Amino acid sequence: MAHIVFYEKPGCGGNAKQKAWLTAAGHTLEVRDLLHWAWTPERLLAFLAPLPVADWFNRAAPAVRDGLIQPELLSAEQALAALLAQPLLIRRPLLTLEDGCCLVGFDETWLRGHLTATPAAPPPAEGCAARASPCGTAT
């Protein structure tokens, strides 16, 4: 079983289901509040850098959903500044596994292939439109 650092939005129903799926397989979670974590540009980029900039964003965040922020139009520097200023914009969950691998989003296929144990039941959806990208590989 793995120890996983799980960055969530507290109260998010999708994150709650994702955590339940992981713990049902016997994994331990160190849950952190994504919205109040003391992010540095370097730490956040450890998760995001392999992805296209537009995939860094939570598509359900009000500012993105309502068109106030258009991720496709932002440079990496502009996007990073926006995410650090408004963590609600960060695509979630963010996961760090024991081997140091960082995952953006909840990718069932990747998790089933990478973790030693996963529940037989299908996991909950990621909850955002963008696909996940594990361990420095863009999808």
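Note that the coordinates shown come from a computational prediction; the quantities given were computed from them, not determined experimentally.
Contacts of Gln78 classified as side chain to side chain donor-acceptor pair (under 3.5 Å), with partners at least two apart in sequence or in another chain: Ser75. For the ring-ring contact (aromatic ring centres under 6.0 Å, His included) test, residues two or more places apart in sequence or in another chain that qualify with Tyr7 are Trp37, Trp39, Phe47. Shown here are the side chain to side chain donor-acceptor pair (under 3.5 Å) partners of Lys19, two or more places apart in sequence or in another chain: Glu8. Evaluation of the side chain to side chain donor-acceptor pair (under 3.5 Å) rule for Thr23 yields no partner, not counting sequence neighbours.
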Cut-off 3.5 Å, no hydrogens considered: what does the side-chain donor-acceptor table look like for residues 60-71, sequence neighbours left out?
none

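The shortest non-hydrogen separation linking Arg91 to Val104 is NH2-O, 3.7 Å. Pairing each heavy atom of Ala46 with each of Cys102, the nearest pair is O-CB, 4.0 Å. Of all the heavy atoms in Pro87 and Leu34, the pair that sits closest is O-CD2, 3.6 Å.
Val53 places none of its side-chain heavy atoms less than 4.5 Å from the side chain of Leu48. With a 4.5 Å cut-off on side-chain heavy atoms, Asp99 and His114 count as touching. Contact check for Leu22 versus Thr28: no side-chain heavy atoms found under the 4.5 Å cut-off. Residues Trp56 and Leu51 meet the side-chain proximity criterion, which asks for heavy atoms closer than 4.5 Å.
Atoms CG and NZ, on Leu35 and Lys9 in that order, are 7.0 Å from each other to the nearest 0.5 Å. Here Leu80 contributes atom CG and Ile90 contributes atom CD1; the two are 9.0 Å apart, rounded to the nearest 0.5 Å. Atom-to-atom distance recorded for Phe57:CZ and Gln86:CD is 9.0 Å, nearest 0.5 angstrom. Atom-to-atom distance recorded for Met1:CE and Glu98:CD is 11.0 Å, nearest 0.5 angstrom.
Evaluated for a side chain to side chain contact (heavy atoms under 4.5 Å, CB included) with Leu103, the options Leu111, Ile4, Thr96 yield exactly one hit, Leu111.
Listed by first then second residue, pairs satisfying salt bridge (Lys or Arg N to Asp or Glu O under 4.0 Å) with a partner in residues 34-50 number zero, not counting sequence neighbours.
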